[in-house]
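As the structure lists them, so they are numbered: ligands from 1, and atoms in each ligand from 1.
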Amino acid sequence: MSAASVRVRWEDLPREVREAVQMRLGGRVVDVVHPEGGFTRGLAARVTYAGGEVFLKASPVAARTASHHRAEAMVGRFLPVAIAPEFLWSLVTAGWIVNAFEAVRGREPDLRPGSTDLTGVLDAVGALERELTPCPVPGAGEVGETLSTLAGHWGRLAAEPPGSVGHGTWTASQRARLEELDDAERLSELSAGDTLVHCDLRADNMLSEFDTGRTRILDWSWGARGAAWVDAAFFVPQLILAGHTPAGAETVLAGRVPGWRAVASEAADAFAVALTGYWTWHHTHGPGGALGAYRGRAAEAGRMWVDYRLA
Ligand SMILES: Nc1ncnc2c1ncn2[C@@H]1O[C@H](COP(=O)(O)OP(=O)(O)OP(=O)(O)O)[C@@H](O)[C@H]1O
Ligand SMILES: [Mg+2]
């Protein structure tokens, strides 16, 4: 099954929902394009109607993904359009939540070393701290809460029989060190701050615009208030996944994100260890398919990062 096939399509929405959307748009939908990829079941679709184009994301209010859509609607109205597609409206009808955004014309950026997309991507990552401090979203959750849920997986992995996948090539004493660094409470304290952080910076949550080369950042469902270094830290393993060395990835981000330049080693170490533990655990114990495969690759990148940081 391809990653794309898990998604709901426009024609799968109940008629009442399609009617309500068309009422809100003020015109009939004449064309719908569903993007490839993604790990979420909800609708994601570029919709053309008499008045122009919008990008719709939707899910049943009873589904787990609805909390993402509610969060995106809460955060979306406070995001500058230079950073993210403009948030247009949200409606809840017939058991569905539907969010509408500006439809951006662009493609997923290529993060590989030497890619011409990198300048635009790094400009966008650099703009986050500048544009989103102080945190513009009233009542945003604290990023420490999100990061605490990433931490704690090394303890679980340690309880598994020796030789299991999660243990990888690390020695028992290295694993003991990971467990010690993997401290949810400490990570939560170290990540406190007053920037709106995205918490899911990946190439597939970015669009490199065809006409300007500018990068816009999508999918703000994990947006939270915290230290600006957190988004740079989330992005390091993504750059490693794309072929950068850990040192190269850290350096390129330090050139753009002041908060990352100033981050305490203890904070970056704790973050790298927690995120890698999370991926490792979920790769071996979570669902397979495209998501499981991604987590396996991400765990590998995380492992390279942790080896570099703790060397
Ligand atoms: N405003 C937009 N304009 C154009 N394309 C968009 C827009 N928002 C999202 N997309 C496209 O839809 C895809 C899925 O969007 P997004 O990442 O927001 O969805 P999701 O359902 O939350 O998540 P997941 O990343 O888990 O699949 C993006 O990778 C992008 O290709
Ligand atoms: Mg996404």
What residue and heavy atom of the protein are closest to [atom], and at what distance?
atom                    : value
atom 19 (O) of ligand 1 : Lys57 NZ, 3.2 Å
atom 29 (O) of ligand 1 : Asp204 O, 2.9 Å
atom 4 (C) of ligand 1  : Val104 O, 3.3 Å
atom 26 (O) of ligand 1 : Thr40 OG1, 2.2 Å
atom 25 (O) of ligand 1 : Asp219 OD2, 3.1 Å

hydrophobic_cluster_shared for [Y] and [X], side chain cutoff 4.5 Å:
X      : Y      : answer
Tyr308 : Ile240 : yes
Val21  : Leu88  : yes
Leu207 : Trp220 : no

Could you check, using the six-membered ring where one of them is a Trp, whether [X] and [Y] have ring centers closer than 6.0 angstrom?
X      : Y      : answer
Trp281 : His285 : yes
His153 : Trp279 : no
Phe55  : Phe101 : no

Proximal candidate to atom 6 (C) of ligand 1 [heavy atom criterion; set Phe55, Phe87, Trp220, Trp222]:
Phe55

Of Arg41, Arg107, Glu102, His69, the one whose closest heavy atom lies nearest atom 1 (N) of ligand 1 is Glu102

Numbering as shown, the atoms of ligand 1 that approach [X] to under 4.0 Å (heavy-atom distance):
X      : result
Arg46  : 4 (C)
Pro35  : 11 (C), 12 (O), 13 (C), 31 (O)
Leu207 : 3 (N), 4 (C), 5 (N), 6 (C)
Ala103 : 3 (N)
Asn205 : 17 (O), 25 (O)
Arg202 : 25 (O)

I'd like to know if Glu19 pairs up with Arg28 as an ion pair, taking the criterion as any Lys NZ or Arg NE/NH1/NH2 lying under 4.0 Å from an Asp or Glu carboxylate oxygen.
yes

Would Arg303 pass as a cation-pi partner of Trp170, given that its NZ or CZ must be under 6.0 Å from the six-membered ring centre and within 45 degrees of the axis?
yes

Whether Arg202 engages the ring of Phe234 as a cation-pi pair (distance to the six-membered ring centre under 6.0 angstrom, angle to the ring normal within 45°) should be assessed.
no

From CA spacing to verdict: side chain to side chain contact (heavy atoms under 4.5 Å, CB included), Arg70, Ile97
CA-CA 8 Å; Arg70 277 192 288 270; Ile97 177 168; 3.6 Å; yes

Within 2.8 Å of the Mg ion (ligand 2), is there any N, O or S atom belonging to Asn205?
yes

Select one of side chain, backbone, both or neither to describe which atoms of [X] lie under 4.0 Å from any atom of ligand 1, heavy atoms only.
X      : result
Glu209 : neither
Leu218 : side chain
Asp200 : neither
Pro85  : side chain
Glu108 : neither
Thr65  : neither
Arg7   : side chain

Test side-chain contact (heavy atoms from CB on, under 4.5 Å) applied to Ile217 and Leu128, Asn205, Asp200, Asp231, the passing residue
Leu128

Which atom, counting only N, O or S, brings Asp219 closest to the Mg ion (ligand 2)?
OD2

Among Arg105, Arg107, Arg214, the one residue meeting side-chain hydrogen bond (donor to acceptor under 3.5 Å, both in side chains) with Glu209
Arg214

Under 6.0 Å from the CZ atom of Arg156, do we count more than 12 heavy atoms belonging to anything else shown?
yes

